[in-house]
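Indexing begins at 1, ligand by ligand and atom by atom, following the structure's order.
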Amino acid sequence: MTVKVKVCGMKYPDNITAVASLGIDYMGFIFYDQSKRYVGQSSSAYIKELDGLSKVGVFVNASLSAILDKITEFQLNVIQLHGDESVEFCLELKEKSGVIILKAFGVDQNFDWIQLDPYAKVVDYFLFDTKSSSYGGTGVQFDWSLLDQYKLTTPYFLSGGLDPENIKTALERNDPRLYALDLNSKFEVEPGLKDIALLSHSINTIKK
Ligand SMILES: O=C(O)c1ccccc1N[C@@H]1O[C@H](COP(=O)(O)O)[C@@H](O)[C@H]1O
């Protein structure tokens, strides 16, 4: 199966349209106000009308009611929980919204892979990112050989400093559980503004 593509951290209507036309599967919007890619309120009417791809809302330790409000306001299809959200929180969100849930984990040498077990019964996908105190969007790759310690069958999104070069290495790992590649800060002209030519080239590589 072809690996899917998510482009994350979108903010600006013209750039959103251009990226959507590249045939991606998921587009991510950051609802974390400490992020340089925070989507705010500005483009909500525009984003709500987007179709032909799944809209992902990225949240960091937000309340359930805040997430439910944004699902309605932006017509989000997928929620990416990128903070320290518990299994119980994921379950409650699933029960109350029915959306697809991506649970993100920051990976480093000390990552406890066993902690994933209870989440696997609740979430649709895992997302493996580089461990950082700012939660995400660092542009730093983690040591992908650590993924050899991942023993579950739940498919995952891979993120953390993906760029036009290392996506080839990611694909060459040939892990059938790799569901999607998450392209973000290494494809930007500035935070929140994606380089269309760079993305287009890499999306062709992934979809080949
Ligand atoms: O992009 C952000 O600013 C961000 C902030 C807080 C949490 C998550 C964020 N983005 C997610 O971070 C990863 C990795 O991005 P990068 O390639 O290292 O820039 C990606 O999953 C984004 O969805």
Using the benzene-type ring in the case of Trp, are the ring centres of [X] and [Y] under 6.0 Å apart?
{"X": "F142", "Y": "F111", "result": "no"}
{"X": "F74", "Y": "F29", "result": "no"}
{"X": "W113", "Y": "F126", "result": "no"}

Could you tell me, for ligand 1, which of its N or O atoms are under 3.5 Å from any protein N or O, listing the pairs and their distances rounded to 0.1 Å?
residue  : atom   : partner : partner atom : Å
ligand 1 : 1 (O)  : R37     : NH1          : 3.2
ligand 1 : 1 (O)  : N184    : ND2          : 2.9
ligand 1 : 3 (O)  : S35     : OG           : 2.6
ligand 1 : 3 (O)  : R37     : NH1          : 2.8
ligand 1 : 12 (O) : G137    : N            : 2.9
ligand 1 : 15 (O) : N184    : ND2          : 3.2
ligand 1 : 17 (O) : G161    : N            : 3.1
ligand 1 : 18 (O) : G139    : N            : 2.8
ligand 1 : 18 (O) : G161    : N            : 2.9
ligand 1 : 19 (O) : N184    : ND2          : 3.1
ligand 1 : 19 (O) : S185    : N            : 3.2
ligand 1 : 19 (O) : S185    : OG           : 2.5
ligand 1 : 21 (O) : Q80     : NE2          : 3.4
ligand 1 : 21 (O) : S159    : OG           : 3.3
ligand 1 : 21 (O) : D182    : OD2          : 2.6
ligand 1 : 23 (O) : K6      : NZ           : 3.2
ligand 1 : 23 (O) : Q80     : NE2          : 3.1

Does anything in residues 22-36 pair up under side-chain hydrogen bond (donor to acceptor under 3.5 Å, both in side chains), and if so which pairs, sequence neighbours excluded?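 Only D25-K207, Y26-Y179 qualify under side-chain hydrogen bond (donor to acceptor under 3.5 Å, both in side chains).
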
Before giving the answer on side chain to side chain donor-acceptor pair (under 3.5 Å), spell out for D182 and Y156 the whole-Å C-alpha distance, their side-chain angles and the decisive distance to 0.1 Å. CA-CA 10 Å; D182 192 344; Y156 64 88; over 6 Å; no

Salt-bridged, D124 to K94, with N to O below 4.0 Å?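 A salt bridge links D124 with K94.
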
